[in-house]
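Okay, structure first, notes after.
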Protein chains: 2
Amino acid sequence: MSDVPSNDPLAALPGYVLRRAANAMMAELASRLGAIDLKISDASVLLLIAGRDDMTSSEIGKVLDIQRANMVPLLNRLEAAELITRQPLDRKSQAIVLTPEGRTTLGEVQSITHQFEADLLARIPDADRPHFMPALRALID
Amino acid sequence: MSDVPSNDPLAALPGYVLRRAANAMMAELASRLGAIDLKISDASVLLLIAGRDDMTSSEIGKVLDIQRANMVPLLNRLEAAELITRQPLDRKSQAIVLTPEGRTTLGEVQSITHQFEADLLARIPDADRPHFMPALRALID
DNA sequence: TCCAGATAGCTATTGACTATAGCAAAACCG
DNA sequence: CGGTTTTGCTATAGTCAATAGCTATCTGGA
């Protein structure tokens with residue numbers, strides 16, 4: 001109905017709006033996670049290995065789309081913060097395991113994440129909300 | 001119903017899926033624009049100043065969310081490719097204007113973009129498609 | 001008219017993140 | 001066994017955005 005004239009011709013392009021929305025949301029999440037000194041990728045690792053003690057660096061990278069080489073500084077950071085430890089599985093592989101402190105931080109991450117996701121969904125009109133995830137999933141191979 | 005077990009606990013998080021979808025789509029668009037040696041930000045500038053001859057660097061940056069400082073190398077690149085020129089508006093400001101070659105390239109950009117947006121929407125199930133843009137718009141302030 | 005403050009364009013630098021190549025050691029498998 | 005693959009890592013380079021600061025110019029109110 002009463003559309004504010006956005007005078008931005010790109011606002012009609014789904015790809016452009018998708019990128020804008022993702023950027024805005026990730027900036028918001030990064031800001032919230034900053035309160036406990038974690039980056040988004042840090043938090044996603046913690047969430048992924050929650051309740052597990054058998055995932056290797058390589059496996060985590062495959063799931064999260066982070067290359068092996070780039071997992072190293074990330075895990076070093078988490079290890080330096082004493083949130084995870086590296087535990088040998090055999091003489092080559094090692095499991096990434098939460099420390100007790102890591103488990104505490106995981107709780108905070110889950111709390112922040114849960115609130116963030118709820119706030120995100122709350123911004124979407126009721127009629128559109130059920131269609132949000134299916135639409136996005138369809139875009140991911 | 002029959003959900004394929006993705007064994008990725010993050011797949012249930014809207015924010016995470018949003019980021020993944022945006023990344024996948026932007027990688028696809030970047031690849032297509034690479035065929036005419038343009039980056040996504042290059043193309044968005046061309047699309048924005050299409051049919052106008054009065055937008056300054058600062059104004060373009062405000063609309064596209066690109067900081068003044070970062071507009072400089074971007075416009076230098078487009079100018080070096082002879083797609084735009086800088087035309088003085090007064091002794092301080094200058095309009096960014098498409099060259100004839102820029103207008104030709106703009107046509108290619110519009111063609112690629114149009115096809116990309118169509119392909120993107122085509123991947124979304126019919127039932128969800130009408131809800132895609134409204135949902136995303138709601139996430140952008 | 002004049003001056004303070006805002007604005008435009010730019011330089012230079014930095015940090016975050018990602019991508020690539022390569023390596024040694026270990027594991028895997030026919 | 002022995003060739004191939006995998007794992008974790010180093011080192012490096014490229015992309016991109018953010019910050020601070022500078023000069024010249026424009027603008028609006030006293």
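Per chain, numbering begins at 1; letters A, B, ... match sequence-line order. As the structure is a computational prediction, the values presented were derived from the model and not from experiment.
Between the C1' atom of C/dG9 and the CE atom of B/Met55 lies a distance of 16 Å, rounded to the nearest Å. Going from atom CE of A/Met26 over to atom C1' of C/dA16 covers 17 Å, rounded to whole Å. Summarising the geometry, the separation between CD1 on A/Ile60 and P on D/dC9 is reported as 11 Å, rounded to the nearest angstrom. B/Leu74 places its CG atom 15 Å from the C1' atom of D/dA18, with the value rounded to the nearest Å. Across the protein-nucleic acid pair, B/Leu75 atom CG and D/dA17 atom C1' stand 16 Å apart, rounded to whole Å. Counting to the nearest Å, the P atom of D/dG8 and the CZ atom of A/Arg86 are 9 Å from each other. Computed from coordinates, the B/Gln94 CD to D/dT25 P distance equals 13 Å when rounded to whole Å. When rounded to the nearest whole Å, the span between CG of B/Leu89 and P of D/dC26 equals 11 Å.
Tested against B/Ile96, the residues B/Thr85, B/Thr56, B/Leu75 include a single side chain to side chain contact (heavy atoms under 4.5 Å, CB included) partner, B/Leu75.
Taking CZ of B/Phe132 as the start and CG of B/Asp128 as the end, the distance is 10.0 Å to the nearest 0.5 Å.
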Contact string for nucleotides 17-30 of chain C, one letter per nucleotide 5' to 3', B = base within protein heavy-atom range under 4.0 Å, S = sugar-phosphate only, - = neither, reads SBBBB----BS---

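Electrostatic pairing of B/Arg52 and B/Asp54 counts as a salt bridge here, judged by a charged N lying under 4.0 Å from a carboxylate O. A salt bridge links A/Asp119 to A/Arg32: one of the charged nitrogens lies within less than 4.0 Å of a carboxylate oxygen. With respect to the salt-bridge test (charged N to carboxylate O, under 4.0 angstrom), the residues A/Arg129 and A/Asp126 qualify.
End-to-end axis angle of the helix from C/dT1-D/dA30 to C/dG30-D/dC1, using five pairs per end and rounding to 10°, comes to 30°.
Between A/Met25 and B/Leu139, the closest heavy-atom pair is CE-O, 3.3 Å. In terms of heavy-atom proximity, A/Leu48 sits nearest to A/Met55 at CG-SD, 4.0 Å.
The main-chain N or O of A/Glu101 is never found under 3.5 Å from a side-chain atom of A/Glu82 such that the two would form a donor-acceptor pair.
Ranked by how close their nearest DNA chain C nucleotide is to the 5' end, B/Asn76 and B/Lys62 are led by B/Lys62.
Using a 4.5 Å cut-off between side-chain heavy atoms of Ile, Leu, Val, Met, Phe, Trp and Tyr, with links allowed through other members, A/Ile49 and A/Leu64 fall into the same hydrophobic cluster.
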